[in-house]
S.K.: 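One structure coming up, written as structure tokens, with questions to follow.
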Amino acid sequence: MTKLAVRACKIAEELSKLYPAPECALTHDSPFQLAVATILSAQCTDERVNMVTPVLFKKYPTPEKIAHSTQESLEEIIKSTGFFRNKAKNILGFAHAIVNEHGGVVPQELAALVKLPGIGRKTANVVLGTAFGIASGVVVDTHVTRLANRMGLTESDDAVKIERELMHLLPQDQWINFSHALIWHGRRVCNARKPNCAECTLAKLCLKVGV
DNA sequence: CTCCCGATAT
DNA sequence: ATATCAGGAG
């Protein structure tokens, strides 16, 4: 076990004490809804997403309902999340693919998921980990990228590379909780603008306190 | 690599 | 005014 891996495990342990049961902040009632909420979360606060999804899912709760909706209707509902044209198109395409190619059910394999419109590795890992309890990888989003760099767990800014490195540093049964805990910590304490190092219990394990 | 894009904090 | 927010497609 490398020195880096030892420190990574200490960080994971400390995070698990801070956030014993880290949950997905995106409200949803099904794997399908979680996938849609995650598509909406690109470059947008989850707080904002959670204001939009209740309206969206009340009108279109299932893949079938969304598949029978329209680009314009979706755009109007999700507009405030930004990138609304792309997101509406992706959500529509995703719903069609689920209905037409997967029998209305969200597939539980990474390879199948990332082929679907609007679903990349990050979203696929969220859906598999949160909705199905499958540790397909580490979720690397803007928070994980920032914190992994600040804590000196990686030097990279490439999501795929960071994921590969973190997967090697931590045992598989910690991937899901580690992802969620890092994201939670990134929102609450180690945020981009003004990281609160003074009240961060991970500061002693961090290479870049106060930077 | 660029583009998509509204809302919010600083 | 500007940076940033649970990214993905072309």
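A, B, ... follow the sequence lines: proteins, then strands. Residue 1 opens every chain.
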S.K.: Near DNA chain B, counting only heavy atoms under 4.0 Å, which residues of residues 152-183 of chain A show up?
M.R.: none
S.K.: Got a sec, which hydrophobics cluster with V6(A), joining ILVMFWY side chains under 4.5 Å apart, including via others?
M.R.: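 Members besides V6(A), by chain and number: M1(A).
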S.K.: Quick check on K194(A): does its NZ atom have over 12 non-hydrogen neighbours (other residues, nucleotides or ligands) under 6.0 Å away?
M.R.: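 Incorrect, the count does not exceed 12.
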S.K.: Please give the distance between the P atoms of dC5(B) and dG10(C) as a whole number of Å.
M.R.: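 dC5(B) and dG10(C) have their P atoms separated by 14 Å.
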S.K.: Remember a base hit wins even if backbone is also touched, and classify F83(A) as base, sugar-phosphate or nothing at under 4.0 Å, heavy atoms.
M.R.: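 Answer is base: heavy atoms of F83(A) come under 4.0 Å of a base.
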S.K.: Which of residues 59-81 of chain A sit near DNA chain B, with a heavy atom under 4.0 Å from it?
M.R.: K79(A), S80(A)
S.K.: So do Q43(A) and F83(A) actually touch side chain to side chain, heavy atoms under 4.5 Å?
M.R.: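 SC-SC contact between F83(A) and Q43(A) confirmed.
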S.K.: Using side-chain heavy atoms (C-beta onward) and a distance below 4.5 Å, is I78(A) in contact with V49(A)?
M.R.: no
S.K.: So do M151(A) and L205(A) actually touch side chain to side chain, heavy atoms under 4.5 Å?
M.R.: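 A side-chain contact under 4.5 Å is absent here.
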S.K.: Please, which pairs that meet salt bridge (Lys or Arg N to Asp or Glu O under 4.0 Å) have at least one residue in residues 69-91 of chain A, sequence neighbours excluded?
M.R.: none
S.K.: Mapping V114(A) and C24(A) to their closest nucleotides on DNA chain C, which lands nearer the 5' end?
M.R.: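 Whichever sits nearer the 5' end wins; that is C24(A).
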S.K.: Is K17(A) paired with E14(A) through a side-chain N to carboxylate O contact shorter than 4.0 Å?
M.R.: yes
S.K.: How close do L153(A) and L169(A) get, counting heavy atoms only, and between which atoms?
M.R.: O-CD1, 3.8 Å
S.K.: Do Q33(A) and T62(A) have side chains that approach each other closer than 4.5 Å (heavy atoms only, starting at C-beta)?
M.R.: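 No, their side chains stay 4.5 Å or more apart.
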S.K.: Please find the earliest and latest nucleotides of DNA chain C, in the 5' to 3' direction, that have an atom within less than 4.0 Å of any heavy atom of chain A.
M.R.: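 It runs dA3(C) to dA9(C).
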S.K.: Can you work out whether G186(A) or G118(A) has the more 5'-proximal nearest nucleotide on DNA chain C?
M.R.: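 By nearest-heavy-atom nucleotide position, the 5'-most residue is G186(A).
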S.K.: Does any residue of residues 33-57 of chain A have a heavy atom under 4.0 Å from DNA chain B, and if so, which ones, in number order?
M.R.: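 Here the set is Q43(A), R48(A).
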S.K.: Taking all non-hydrogen atoms of both residues into account, name the closest pair between L170(A) and A12(A) and its distance.
M.R.: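 Residues L170(A) and A12(A), closest heavy atoms: CD2-CB, 3.9 Å.
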S.K.: Please examine the side chains of F178(A) and S16(A), heavy atoms only from C-beta on, and report whether any two atoms are closer than 4.5 Å.
M.R.: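 SC-SC contact between S16(A) and F178(A) ruled out.
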S.K.: With P as the reference atom in both, quote the distance from dT2(B) to dA6(C) in angstrom, rounded to an integer.
M.R.: 24 Å
S.K.: Under 4.5 Å between any side-chain heavy atoms of V127(A) and Q108(A), yes or no?
M.R.: no
S.K.: Any heavy-atom pair between the side chains of N125(A) and W175(A) that's under 4.5 Å?
M.R.: no
S.K.: Between N191(A) (CG) and dT8(B) (P), how many Å, whole number?
M.R.: 17 Å
